[in-house]
Amino acid sequence: MSPSCDPSWPADAEVLHDLQRRLGALQPPPWHPGTSAPELAAAAVVHDPDRGERAWAGAVLTRGPHVLAAEVVVGAVRAPYVPTQLSAREGPLLVAALEALGGRPDVLLLAAAGRDHPRHAGLALHVGAVLGVPSAGVTDRPLRAAGPPPGPGRGDASALVLDGAEVARWVRTAPGVRPVVAHAAWRTTGGVAAALVLAATTSVRTPWPLREARRLARQARADG
DNA sequence: GCGACAG
DNA sequence: ATCTTGTCGC
């Protein structure tokens with residue numbers, strides 16, 4: 001487990017808004033996975049309702065079904081939870097945990113929105129941009145985008161549109177369970193995000209790398 | 001037992 | 001997001 005984190009990050013709302021506008025306006029060339037399984041890094045943050053500021057970020061580097069590396073970082077969360085400004089709260093910790101991994105993943109997967117955001121730049125997009133690695137996000141529901149529900153079978157998907165553009169896709173990861181939202185973020189499209197989510201999922205609803213990252217973080221929280 | 005789902 | 005209680009189901 002690595003020390004703690006203290007990367008510079010937009011703590012001020014004005015600065016964050018400006019950054020979101022700039023990032024959201026960027027149209028970097030899209031990345032596409034190759035024929036072999038990409039090195040995928042996933043990270044997730046868990047909090048502690050009692051010890052308010054303390055938070056743990058778990059991260060795993062994976063390739064196919066294998067875990068290549070795992071890290072947990074502990075830190076203080078300064079910013080309060082404000083819908084739309086999740087990156088100010090969890091960004092620093094996620095970046096620290098992903099950097100602790102030490103590898104050079106092909107793509108990032110985070111429990112957050114990407115281009116489905118008021119300024120088209122949610123947390124998943126921020127983290128990808130800051131680290132310079134293509135990224136995608138996964139959440140239970142869209143932030144602003146809207147679209148029809150997907151079909152009932154695993155793999156069925158439908159477009160989630162915001163301001164006339166597809167920014168995410170509803171994806172049914174297992175038959176009969178509520179679909180998840182696969183978010184296009186830094187240099188990825190809804191289609192790529194959906195494919196990544198499906199590739200990282202089997203019978204359980206949420207991608208296993210994300211569950212593993214969260215499990216590690218919770219473990220560290222329990223250990224003190 | 002673990003995960004989905006309610007709330 | 002977190003916690004807790006409980007049900008259903010593989």
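The chains referred to below are lettered A, B, ... by the order of the sequence lines, with proteins before strands, and numbering in each begins at 1.
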State, yes or no, whether a side-chain contact exists between [X] and [Y] at a heavy-atom distance under 4.5 Å.
{"X": "A:V138", "Y": "A:T206", "value": "no"}
{"X": "A:T62", "Y": "A:P209", "value": "yes"}
{"X": "A:R89", "Y": "A:V82", "value": "no"}

When you measure from the side chain of A:Q20 to the backbone N and O of A:P118, does any donor-acceptor pair fall under 3.5 Å?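 Side chain of A:Q20 to backbone of A:P118: no pair is present.
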
Backbone of A:D156 reached by a side-chain donor or acceptor of A:R172 within 3.5 Å: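 Not confirmed, A:R172 side chain does not pair with A:D156 backbone.
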
Mind checking what makes side-chain contact (heavy atoms from CB on, under 4.5 Å) contact with A:R63, not counting sequence neighbours?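 If we apply the side-chain contact (heavy atoms from CB on, under 4.5 Å) test to A:R63, skipping adjacent residues, the hits are A:E39, A:L68, A:D106.
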
Could you tabulate the donor-acceptor pairs under 3.5 Å formed by side-chain atoms of residues 21-36 of chain A, not counting sequence neighbours?
unit_1 : atom_1 : unit_2 : atom_2 : d
A:R22  : NE     : A:D18  : OD2    : 2.7
A:R22  : NH2    : A:D18  : OD2    : 3.4

Under 3.5 Å, side-chain donor or acceptor atoms of residues 173-185 of chain A against the rest of the protein: list the pairs with distances, not counting sequence neighbours.
unit_1 : atom_1 : unit_2 : atom_2 : d
A:T173 : OG1    : A:R205 : O      : 2.6
A:H183 : NE2    : A:T139 : OG1    : 2.8

For DNA chain C, what dot-bracket results from Watson-Crick or G-U pairs at under 3.5 Å, with [ ] for crossers and | for inter-strand partners? .....|||||

I'd like to compare against my own output: the B/S/- annotation of nucleotides 2-7 of chain B with a strict under-4.0 Å heavy-atom distance to protein. -SSS--

Where along nucleotides 2-8 of chain C does protein come under 4.0 Å, by heavy atom, of base (B) or sugar-phosphate alone (S), with - for untouched nucleotides? SS-----

How long is the span from the CG atom in A:L16 to the CG atom in A:L86, to the nearest 0.5 Å?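 The distance works out to 10.5 Å.
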
Atom pair CG (A:L125) and OG1 (A:T188), whose distance is rounded to the nearest 0.5 Å: 8.0 Å

For the pair made of CG in A:L123 and C1' in C:dA1, what is the distance, rounded to whole Å? 13 Å

